[in-house]
**Student:** 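Would you mind keeping the following structure in view while I ask a few things?
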Amino acid sequence: MPNASEEFGDDTAAAMSSKKVFSLKEVEQHVGEQKKDVWIVIHDRVYNVTGFLDEHPGGEEVLKDMAGKVATENFEDVGHSTDARELMRKYEIGELTEEDKLHTKEKKFTWAAPQETSSSGWSWMVPVLAALLFSLLYRYLAA
């Protein structure tokens with residue numbers, strides 16, 4: 001079985017080995033007073049988003065309001081893109097302890113082609129016949 005550095009590459013393996021387990025109480029201590037330290041929890045993973053405050057498209061206040069808290073619901077309600085979800089990995093520093101985990105499921109977004117409707121080829125006939133009927137009625141009444 002390959003080790004982490006063989007499977008993911010040296011940088012990812014180093015990041016994985018440096019990830020820690022934090023209690024919710026520890027996370028709650030990182031509330032970002034004067035932008036020093038802002039941690040949030042999303043899907044039981046802990047993120048230090050201090051370096052992302054100025055870059056966040058929704059503004060730094062959104063992140064600061066959730067500092068030291070579980071922000072999973074807020075994060076999912078906004079409907080973040082796949083790119084945003086990928087960017088999060090850069091700021092992940094660990095995960096919650098088993099006792100504090102909420103075991104939420106991450107929403108997966110997939111793009112699908114529009115479904116064909118089951119209507120027959122005659123569906124265009126209704127508006128055409130209505131327009132024809134209206135036109136004949138107009139000519140008859142206008143004459």
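Computed from a predicted model, the values in this text were never measured in an experiment.
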**Student:** Mind checking salt bridge (Lys or Arg N to Asp or Glu O under 4.0 Å) for E26 and listing every partner two or more places apart, or none if nothing turns up?
**Tutor:** none
**Student:** Give the C-alpha distance, both sets of side-chain angles, the deciding distance and a yes or no for side chain to side chain contact (heavy atoms under 4.5 Å, CB included) between L133 and L137.
**Tutor:** CA-CA 6 Å; L133 183 60; L137 187 60; 5.5 Å; no
**Student:** Checking N48 now: which residues fulfil side chain to side chain donor-acceptor pair (under 3.5 Å) with it, not counting sequence neighbours?
**Tutor:** T50
**Student:** For Y91, give me all partners under ring-ring contact (aromatic ring centres under 6.0 Å, His included), at least two apart in sequence or on another chain.
**Tutor:** F52
**Student:** Please find the pair of heavy atoms, one from D44 and one from K101, that lie closest to each other, and give the distance.
**Tutor:**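 Heavy atoms of D44 and K101 come nearest at OD1-CA, 3.4 Å.
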**Student:** Atom OH in Y47, atom CG in L87: separation rounded to 0.5 Å?
**Tutor:** 10.5 Å
**Student:** How close do F75 and M88 get, counting heavy atoms only, and between which atoms?
**Tutor:** CZ-SD, 3.2 Å
**Student:** With sequence neighbours excluded, tell me which residues meet salt bridge (Lys or Arg N to Asp or Glu O under 4.0 Å) with E61.
**Tutor:** none
**Student:** Which atom pair, heavy atoms only, marks the closest approach of H80 to R85?
**Tutor:**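 Of all heavy-atom pairs spanning H80 and R85, the closest is O-NE, 3.3 Å.
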**Student:** Of all the heavy-atom pairs spanning V31 and G68, show the shortest one and how long it is.
**Tutor:**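 Nearest pair, atom of V31 first, then G68: CG1-CA, 4.4 Å.
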**Student:** With rounding to the nearest 0.5 angstrom, report the CZ to CZ distance, F134 to R139.
**Tutor:**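 One finds 12.0 Å between CZ of F134 and CZ of R139.
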**Student:** In chain order, what residues pass the salt bridge (Lys or Arg N to Asp or Glu O under 4.0 Å) check against E55, with sequence neighbours excluded?
**Tutor:**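 E55: no salt bridge (Lys or Arg N to Asp or Glu O under 4.0 Å) contacts found.
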**Student:** Taking C-beta and beyond as the side chain, do K20 and I93 meet within less than 4.5 Å on heavy atoms?
**Tutor:** no
**Student:** Hydrophobic side-chain clustering at under 4.5 Å (ILVMFWY, transitive links): who's grouped with L132? Put none if nobody.
**Tutor:** L136
**Student:** Count I, L, V, M, F, W, Y as connected when their side-chain heavy atoms are under 4.5 Å apart, and connections chain through other members. Are L102 and V46 then in the same cluster?
**Tutor:**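 Yes: a chain of side-chain contacts under 4.5 Å links L102 to V46.
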**Student:** Roughly how far, to the nearest 0.5 Å, is CD1 of I40 from CG of D65?
**Tutor:**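 Result: 11.5 Å between the selected atoms.
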**Student:** Drop me the distance from E99's CD to S23's OG, to the nearest 0.5 angstrom.
**Tutor:** 8.5 Å
**Student:** Can you see which heavy atom on K64 is nearest to which on L53, and at what distance?
**Tutor:**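 That closest heavy-atom pairing would be CG-CD2, 4.2 Å.
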**Student:** How far apart are the closest heavy atoms of D100 and L96, and which atoms are they?
**Tutor:**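 In terms of heavy atoms, the two residues are closest at O-CD1, 3.6 Å.
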